[in-house]
Undergrad: 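This structure is in structure tokens; I'll ask about it shortly.
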Amino acid sequence: MAGLELLSDQGYRLDGRRAAELRKLQARMGVFAQADGSAYLEQGNTKALAVVYGPHEVRGSRSRTLHDRAVINCQYSMATFSTAERKRRPHGDRKSSEMSLHLKQTFEAAVLTQLYPRSQIDIYVKILQSDGGNYSACVNAATLALVDAGIPMRDYVCACTAGFVEDTPLADLCHAEESGGGTTLALALLPRSESIALVQMDARLHQDHLDPLMEAAMTACKGLSKVLDSVVRQHLQEVSVQTRE
Amino acid sequence: MKETPLSACERTFLLKAVEEKKRLDGRQTYDYRNIRITFGTDYGCCTVSLGKTRVLAQVSCELVPPKDSRPTEGIVFFNLELSPMASPAFQPNRQSELLVTLNRQLERCLRNSKCIDTESLCVVSGEKVWQIRVDVHVLNHDGNLMDAASIAAISALSHFRRPDVAIQGRDITIFSPEERDPVALSIYHMPICVSFAFFQQGTYLLVDPCEKEEQVTDGLLVIAMNKHREICSIQSSGGIMLLKDQVLRCSKIASVKVSEITDLINKALENDKRVRKEGGRFGFAESMPKERITALKRDEAPVEMTGVQEMAEEFLSKGEAAPEVVSSPVIVATGTGQLGEGVQSTWGLEEEDEEDECQGEMDKEEKKKKKAEKDEVMVISDSEEEEVVVLNPEAPKSKGKRPKH
């Protein structure tokens, strides 16, 4: 594994976490007044900002309008200063357009789009600092932003990555663990129904190990959902106190 | 041009067929269409036909300076192109969603799984490495491009030979194929994509969807595996809800399919190698000796067709003859007739009504005009002409005549 010991004999990872331990998650909702919904989320050192506009009339080409449900439009971008090497193109390259597409597919599965026929929901996500698990940070931030915008969803969408080192599944990988070339599984889960909105895996993994790896990712997602839920509840409490005054 | 959308009845028909575990081309749920792998005269050229889907892959190489981050590794570059020739829905020079997905999936399947030994592509560390370029062109689109593209790419890569090089001091000599035999790439394993189409929120699944099935599918799951039962990539798309068991089940099906396809590729490679060694004819020209390369070439349908005609005739002879009906046309109004049963035609009657109305309006208009041009009206207006206007079916004529008077 490229000379790096990802899991010590004592069972600790590079940043001192246990195998199934998540990074610290902090989030705030309603960070912008202009947008219909917005959220800022930190998952360890990965920082993401999500903004939601809509549902509104379809903009741009009319031909995209769907008569039975809403169109979801996603744009993923990475700040030029988000990585160790300065990025030249914040969005529009193959990788980020793929990411936009994946976000779109994830939320098409989770948002109750059929409630808003002939309309459009915009989700803009920006990575401010990248330290592994960009996709999952984006999904979690966008979920909070959608909740803030009051758009009905089937459930929270929680995403988390998982890796596989020395027969042990690791949850919520950081950049060093992700770039080592080992297996990485990104999973977006709707925790209550345990249904998977998106699954993506890279690098080689024996078929027999898929089950424990997915199980680890799903457990991590369920853990995240509890944190997200508490963020939402806290936000609502703060807002209700403010409005009472 | 946009893709022709399926009509509602086609859609329901296809979904119904999926529900009944039947497919348009007579396949079973987990069956692949016929796969044919043919190699070109050049090394690294391969076409794959998967049913009617056809894909061409060509591998080429050149010496380039390596990337700064990896000075001892060669570069492998993948590019998949959807030419407008394959389907009217493909537009040239456009980054469509499909193109991005296919390209990324191909990269993920073949590059991230590290199936090619990139270190062996290094010539002089930090200065010169081989860049291997894999161009995949879609020639005909009939669904499941991903599987066809991945089979074509990996077959072309394993078929490819790069020129041999020798280093003496600082000089690099590249030998032509006549001087030294070209060298094959070292390939560790063969990852192959298998696509699963899900219907009705994941209740039904099909392997190797054709274009029509792809149009009605809820979502796709692509699993890339090699024959050692190692998963090289998984990707779900299309906004479906999956359960963990479904993914695991798909991975099991994929492992079976992949081992079959790998055997097929190996057989094709061996065959090509043998023919080249024997000095026989090889390449595309040999692989399709008598068939015409046109759409007229048709594969035999896998559906059992023998005795169909007899069966049809039997049905016809058994069935009762249609009762003879003597029809007597009913004339509702002049110029109309009604044949057979049904609701009574009111066409002729309605028309007359309309005409009357029209003429009623005409009269009004004329009266208005009369009032406006009183002087002239005095001259023109005679009651006889008014009556002619009412009877004449082509009223506008009389109107046109008026200014002449």
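By convention in this document, chain letters (A, B, ...) are assigned in the order of the sequence lines, proteins followed by strands, and residues within each chain are numbered from 1. Since this is a predicted model, take the numbers as computed values, not measurements.
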Undergrad: What verdict does the salt bridge (Lys or Arg N to Asp or Glu O under 4.0 Å) test give for A:Glu194 and B:Lys244, after you've listed the backbone C-alpha separation in whole Å, the side-chain angles of each residue and the deciding distance to 0.1 Å?
TA: CA-CA 8 Å; A:Glu194 296 208 352; B:Lys244 195 181 81 177; over 6 Å; no

Undergrad: Please name the pair of heavy atoms, one in A:Ala197 and one in B:Ser236, separated by the smallest distance, quoted to 0.1 Å.
TA: O-OG, 4.1 Å

Undergrad: Determine the minimum heavy-atom distance between B:Ile231 and A:Gln207, stating which atoms define it.
TA: CD1-CA, 4.0 Å

Undergrad: Go through B:Ala254, B:Cys232, B:Ser233 and name the one with the most non-hydrogen pairs under 4.5 angstrom from chain A.
TA: B:Cys232

Undergrad: Please name the pair of heavy atoms, one in B:Met241 and one in A:Ser195, separated by the smallest distance, quoted to 0.1 Å.
TA: SD-OG, 3.6 Å

Undergrad: Would you say that A:Leu198 contacts B:Leu242 through its side chain, given a criterion of any heavy-atom pair below 4.5 Å between the two side chains?
TA: no

Undergrad: Let me know if A:Thr106 has heavy atoms under 4.5 Å from chain B in its side chain, its backbone, both or neither.
TA: neither

Undergrad: Kindly give the heavy-atom pair with the smallest separation between B:Ser113 and A:Arg204, and that separation in Å.
TA: O-CD, 3.3 Å

Undergrad: Show, in sequence, the C-alpha distance, side-chain angles and deciding distance for A:His102 and B:Gln235, and conclude whether the side chain to side chain contact (heavy atoms under 4.5 Å, CB included) test is met.
TA: CA-CA 10 Å; A:His102 287 165; B:Gln235 178 66 57; 3.1 Å; yes

Undergrad: Are B:Val247 and A:Met214 side-chain neighbours, meaning at least one heavy-atom pair lies under 4.5 Å?
TA: yes

Undergrad: I'd like to verify something: which residue of A:Glu108, A:Lys104, A:Gln200 has the highest number of heavy-atom pairs under 4.5 Å with chain B?
TA: A:Gln200

Undergrad: Do the side chains of A:Glu98 and B:Arg108 get close enough for a salt bridge, i.e. N-O under 4.0 angstrom?
TA: yes

Undergrad: Counting heavy-atom pairs under 4.5 Å to chain A, which of B:Arg229, B:Glu230, B:Lys114 comes out on top?
TA: B:Arg229

Undergrad: I want to check something: taking the side chain as every heavy atom from C-beta on, are A:Leu101 and B:Thr101 in contact at a cut-off of under 4.5 Å?
TA: yes

Undergrad: Using heavy-atom distances under 4.5 Å, tell me whether A:Leu190 contacts chain B through its side chain, its backbone, both, or neither.
TA: side chain

Undergrad: Does the side chain to side chain contact (heavy atoms under 4.5 Å, CB included) test come out yes or no for A:Asp202 and B:Ile234, once each step is laid out?
TA: CA-CA 7 Å; A:Asp202 269 342; B:Ile234 300 182; over 6 Å; no

Undergrad: Quick one: are A:Gln105 and B:Ser237 in side-chain contact, heavy atoms under 4.5 Å?
TA: yes

